[in-house]
Amino acid sequence: MQSHDKIRQQLLARREQLLAKLARIHKKSLRGDAPLTADFAEQAVERQNDEVIEALERAGERELAQINRALARIEAGEYGLCRECGQAIAEARLEALPFSDLCIACAERLGGR
């Protein structure tokens with residue numbers, strides 16, 4: 001298994017990427033107060049774009065929260081342990097989702113989280 005220091009550095013790097021991405025998304029979403037164009041077809045496109053931007057922002061914020069929780073678990077010495085059952089989370093799962101706080105069995109039991 002990777003050392004917690006290496007995982008911590010990877011999580012910190014990903015957090016910086018997400019913060020930059022969220023800042024860019026936020027700039028794009030500032031159009032929110034601007035009136036829509038008069039053309040109805042263009043309005044539909046603008047609204048769809050707004051929905052996509054909002055979805056990207058929500059997804060980024062969720063991942064950022066997961067990363068922050070993983071960093072807190074590293075600091076607390078709890079990283080790599082399932083928060084539900086306390087068993088070790090499989091190395092392959094942590095490599096794929098380094099912010100995972102559930103083992104596969106608990107994730108499936110809780111609805112795939």
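Side-chain atoms are counted along with the backbone in the values below, which use heavy atoms only and exclude waters and symmetry mates. Along the sequence shown, residues carry numbers from 1.
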Original post:
Could you give the distance from CG (Leu11) to CG (Asn68), rounded to the nearest 0.5 Å?
Top reply: 9.5 Å

Original post:
Between the main-chain N or O of Glu75 and the side-chain N or O of Arg8, is there a donor-acceptor pair closer than 3.5 Å?
Top reply: no

Original post:
Is there a side chain to side chain contact (heavy atoms under 4.5 Å, CB included) between Asp101 and Leu81 once you walk through the steps?
Top reply: CA-CA 7 Å; Asp101 62 353; Leu81 299 176; over 6 Å; no

Subject >> Leu18 and Ile67: CA distance, side-chain angles, deciding distance, side chain to side chain contact (heavy atoms under 4.5 Å, CB included) verdict >> reply: CA-CA 10 Å; Leu18 277 172; Ile67 288 170; 3.7 Å; yes

Original post:
Linking I/L/V/M/F/W/Y whenever any side-chain heavy atoms sit under 4.5 Å apart, do Phe99 and Leu19 land together?
Top reply: yes

Subject >> Spatial distance of atom CD (Gln10) from atom NE2 (His4) [nearest 0.5 Å] >> reply: 11.5 Å

Subject >> Under 3.5 Å: donor-acceptor pair, side chain of Tyr79, backbone of Pro98 >> reply: yes

Subject >> Cluster check Leu97, Ile104: I/L/V/M/F/W/Y, side chain < 4.5 angstrom >> reply: no

Between side-chain atoms of residues 58-65 and protein atoms elsewhere (two or more places apart, or another chain), which donor-acceptor pairs fall under 3.5 Å?
unit_1 : atom_1 : unit_2 : atom_2 : d
Glu63  : OE1    : Arg14  : NH2    : 3.1
Glu63  : OE2    : Arg14  : NE     : 2.8
Glu63  : OE2    : Arg14  : NH2    : 3.4

Original post:
Got a second to check how far Gln66's CD is from Arg69's CZ, nearest 0.5 Å?
Top reply: 5.5 Å

**OP:** Answer whether the closest heavy-atom distance between the side chains of Lys21 and Ile25 falls below 4.5 Å.
**Re:** yes

Subject >> Qualifying residues under side chain to side chain contact (heavy atoms under 4.5 Å, CB included), relative to Glu84, sequence neighbours excluded >> reply: Cys82, Leu102, Cys106, Arg109, Leu110

**OP:** Could you tell me which non-hydrogen atom of Arg93 sits nearest to which non-hydrogen atom of Ser100, and how far apart they are?
**Re:** NE-OG, 3.0 Å

